[in-house]
Enquirer: 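Sharing a structure here in structure tokens format.
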2 protein chains.
Amino acid sequence: MSFTIKEASERLGCPAHTIRFYEKEGLLPYIKRDRHGNRLFEQDHLDWIRLMTCFRATGMKISLLKQMVNLALDGDATIPQRKAILNQYKEELFRRQNELAEALDAVNNKLAIYEEIEEGRLPSESRLLNQMEDRHNQPTKRE
Amino acid sequence: MSFTIKEASERLGCPAHTIRFYEKEGLLPYIKRDRHGNRLFEQDHLDWIRLMTCFRATGMKISLLKQMVNLALDGDATIPQRKAILNQYKEELFRRQNELAEALDAVNNKLAIYEEIEEGRLPSESRLLNQMEDRHNQPTKRE
DNA sequence: GCTTGCCTTAAAGTGTGCTTTAAGCCTTAA
DNA sequence: TTAAGGCTTAAAGCACACTTTAAGGCAAGC
């Protein structure tokens, strides 16, 4: 069972052009062609593209994906290197989780401040932008 | 107490050029200057830049930051719009958290497979790249 | 036979966010 | 007084990942 690029595109929700681009970048080695030169995708290819999409969405670079492909093509002897790459990427994922948690805190804090301003418990936006505006007409301390 | 761009840069761990770029983009209104035209940053500016950096690191676009600045400059009447923006961004953060969790699952799964291959419990990398290579020399089913 | 539509390729273009370069001014130390 | 080093600006350049364009081939339906 093979798929045309259109079928692959539909199943993956990924533009055909992007899939071709990935192949050109070397992320999809050994894609076969029919007698007209049209690509034929196997289920495994779709699985791999889906995995790449998942990694890409979380910041893995194409160059790193390519490294992994190249290592895989060199056989099982490169598994330690591939593990090292994935473990590093995992660290990166943890870093991003922290960043997200921090941003979420900051957003909630800001939203709480807006609530307080709306309820009149805080005098306008005392900490950030509005104060800049206020200062605009005040004397400077330095210089 | 004001800071030069160099001091701001050091405190924020952010290149001076980037800070200037943010000002040019309108993200830092009302930065004052000394008599030589050099920028003078207040603590509030540093706080705001730090917050922007936090939002930027988690995917908020500069155009959206600028929208928020512009709304803030228009006064408290725009707080509902700013809340709407932040709530939307919050959704985005949740989406990203899910993506990270999925990627983390996928990585762990891949690492587990590598372990099994290393221990000989799985015949090479049966699911992805190596199989592509295998297929390379087999007849096609379609066409 | 001709149009429609999907396929192919290579190459150029786009969006985003910096980052670097270039040219010049001011201050300070030698 | 002159050279170094930090500031200024505007503009060009870069990295990344697509995305779009252009030019053309093949096949099925009218």
Side-chain angles (χ1 to χ4, degrees), chain A residues 2-28 31-41 45 48-69 89 92 96 99 103 140 142-143, chain B residues 2-41 45 48-69 89 92 96 99 103 140 142-143:
Chain A
S2 303
F3 305 99
T4 65
I5 198 166
K6 196 187 185 193
E7 288 162 348
S9 166
E10 281 161 1
R11 266 156 223 257
L12 295 166
C14 174
H17 273 296
T18 302
I19 298 174
R20 290 193 198 98
F21 168 73
Y22 286 162
E23 196 203 9
K24 202 174 62 182
E25 292 297 303
L27 304 184
L28 297 171
I31 294 282
K32 288 192 295 292
R33 307 297 184 108
D34 67 14
R35 70 169 179 277
H36 308 301
N38 294 353
R39 291 171 185 80
L40 292 177
F41 296 87
H45 295 123
W48 172 234
I49 295 171
R50 216 185 288 279
L51 184 63
M52 289 198 293
T53 301
C54 172
F55 286 177
R56 284 282 313 114
T58 50
M60 184 178 281
K61 298 217 167 152
I62 281 180
S63 58
L64 198 54
L65 284 170
K66 185 163 184 190
Q67 270 186 54
M68 293 209 294
V69 170
Y89 170 54
E92 177 67 25
R96 282 175 198 259
E99 287 174 342
T140 323
R142 178 195 263 250
E143 280 285 336
Chain B
S2 303
F3 306 100
T4 66
I5 199 166
K6 195 187 186 195
E7 289 162 348
S9 166
E10 280 160 1
R11 267 155 221 259
L12 295 167
C14 172
H17 274 296
T18 302
I19 299 175
R20 288 193 199 98
F21 168 74
Y22 286 164
E23 196 203 7
K24 202 174 62 183
E25 293 297 303
L27 304 184
L28 297 171
Y30 303 120
I31 295 280
K32 287 191 297 292
R33 306 297 184 107
D34 68 14
R35 69 167 180 277
H36 307 301
N38 294 354
R39 292 170 184 78
L40 291 176
F41 296 87
H45 296 125
W48 171 233
I49 294 171
R50 215 185 289 280
L51 184 62
M52 287 198 294
T53 302
C54 172
F55 286 176
R56 285 282 311 115
T58 49
M60 185 179 280
K61 299 221 165 148
I62 282 180
S63 58
L64 198 53
L65 284 169
K66 185 161 183 191
Q67 269 185 55
M68 292 207 296
V69 170
Y89 170 54
E92 176 68 24
R96 283 175 197 260
E99 287 174 342
T140 321
R142 179 195 263 250
E143 278 288 333

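A, B, ... follow the sequence lines: proteins, then strands. Residue 1 opens every chain. Worth saying up front: this structure is predicted, and the values here are computed from it rather than measured.
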Enquirer: When rounded to the nearest 0.5 angstrom, what distance separates CZ in R56(B) from NZ in K61(B)?
Expert: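 Taking CZ in R56(B) and NZ in K61(B), the distance rounds to 9.5 Å.
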Enquirer: Can you list, in residue-number order, the parts of residues 54-67 of chain B that come under 4.0 Å of DNA chain C, counting heavy atoms only?
Expert: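 Here the set is R56(B), K61(B), I62(B).
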Enquirer: Calculate, to the nearest 0.5 Å, the distance between atoms OH and CD1 belonging to Y22(B) and I49(B) respectively.
Expert: 9.0 Å
Enquirer: Whole-Å distance between dC7(C) C1' and N38(A) CG?
Expert: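 Going from N38(A) (CG) to dC7(C) (C1'), I get 5 Å.
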Enquirer: Nearest 0.5 Å please: distance from the CD atom of Q67(B) over to the CE atom of M60(B).
Expert: 9.5 Å
Enquirer: Using the salt bridge (Lys or Arg N to Asp or Glu O under 4.0 Å) rule, collect all pairs that involve residues 8-20 of chain B, keeping only residues at least two apart or in two chains.
Expert: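 Not a single pair qualifies under salt bridge (Lys or Arg N to Asp or Glu O under 4.0 Å).
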Enquirer: Would you kindly give the CD-to-C1' distance between E25(A) and dT19(D), to the nearest whole Å?
Expert: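 So the CD-C1' distance, E25(A) to dT19(D), works out to 13 Å.
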Enquirer: If you compare every side-chain N and O of R39(B) against the phosphate oxygens of dT8(D) (OP1, OP2), does one of them come in below 4.0 Å?
Expert: yes
Enquirer: Could you work out which one of dT19(D), dT8(D), dC26(D) sits closest to the side chain of P15(A)?
Expert: dT19(D)
Enquirer: Are the side chains of Y89(A) and M68(A) in touch, meaning some heavy atoms are under 4.5 Å apart?
Expert: no
Enquirer: To the nearest Å, give me how far apart NE2 (H17(A)) and P (dA12(C)) are.
Expert: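 It is 16 Å, rounded to the nearest whole Å.
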Enquirer: Taking atom C1' of dG6(D) as reference, at what distance in whole Å does atom CG of D34(B) sit?
Expert: 12 Å
Enquirer: In whole angstrom, what separates F3(A)'s CZ from dC7(C)'s P?
Expert: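 Result: 15 Å.
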Enquirer: Provide, to the nearest angstrom, the distance between the CD1 atom belonging to I5(B) and the C1' atom belonging to dT19(C).
Expert: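 Distance check: I5(B) CD1 to dT19(C) C1' gives 14 Å.
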Enquirer: I want to check one thing: is the phosphate of dC6(C), taken as OP1 and OP2, less than 4.0 Å away from some side-chain N or O of T4(A)?
Expert: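 It does not, given that no N or O in the side chain of T4(A) lies less than 4.0 Å from OP1 or OP2 of dC6(C).
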Enquirer: Can you tell me if the side-chain N/O atoms of H36(A) get under 4.0 Å from OP1 or OP2 in dG25(D)?
Expert: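 For H36(A), the contact criterion (side-chain N or O under 4.0 Å from OP1 or OP2 of dG25(D)) is not met.
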Enquirer: Which is true for R20(A) with a 4.0 Å heavy-atom rule: it touches a base, it touches only sugar-phosphate, or it touches nothing?
Expert: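 Here R20(A) touches the bases of the nucleic acid.
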Enquirer: When rounded to the nearest 0.5 angstrom, what distance separates CZ in R33(B) from OG in S2(B)?
Expert: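 The OG atom of S2(B) is 13.0 Å from CZ of R33(B), to the nearest 0.5 Å.
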Enquirer: Mind checking who dT20(C) pairs with, Watson-Crick or G-U wobble, both distances under 3.5 Å?
Expert: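 Check on dT20(C): paired to dA11(D), both distances under 3.5 Å.
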Enquirer: Rounded to whole Å, how long is the line connecting atom CE of M52(A) with atom C1' of dC18(D)?
Expert: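 Those two atoms, CE and C1', are 14 Å apart.
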Enquirer: Within this structure, what is the CD1-OG distance for the pair I19(B) and S9(B), rounded to the nearest 0.5 Å?
Expert: 5.0 Å
Enquirer: Any chance you could measure M52(A), atom CE, to L12(A), atom CG, to the nearest 0.5 Å?
Expert: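 So the CE of M52(A) and the CG of L12(A) are separated by 9.5 Å.
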Enquirer: Quick one: is dC7(C) close enough that its OP1 or OP2 comes under 4.0 Å of any side-chain N or O from R35(A)?
Expert: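 For dC7(C), neither OP1 nor OP2 has a side-chain N or O of R35(A) closer than 4.0 Å.
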Enquirer: Can you tell me if Y22(A) touches the phosphate of dA17(D), counting only side-chain N or O atoms and a distance under 4.0 Å to OP1 or OP2?
Expert: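 Checking Y22(A) against dA17(D): no side-chain N or O falls below 4.0 Å of OP1 or OP2.
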Enquirer: Does dT9(C) have OP1 or OP2 under 4.0 Å away from a side-chain N or O of R33(A)?
Expert: yes
Enquirer: Between K6(A) and T18(B), which residue's closest nucleotide on DNA chain C lies nearer the 5′ terminus?
Expert: K6(A)
Enquirer: What integer distance in Å separates I49(B):CD1 from dG17(C):P?
Expert: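 For the pair I49(B) CD1 and dG17(C) P, the rounded distance is 16 Å.
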Enquirer: Please pick, from dC6(C), dC7(D), dA17(D), the nucleotide with the shortest atom-to-atom distance to any side-chain atom of F21(A).
Expert: dA17(D)
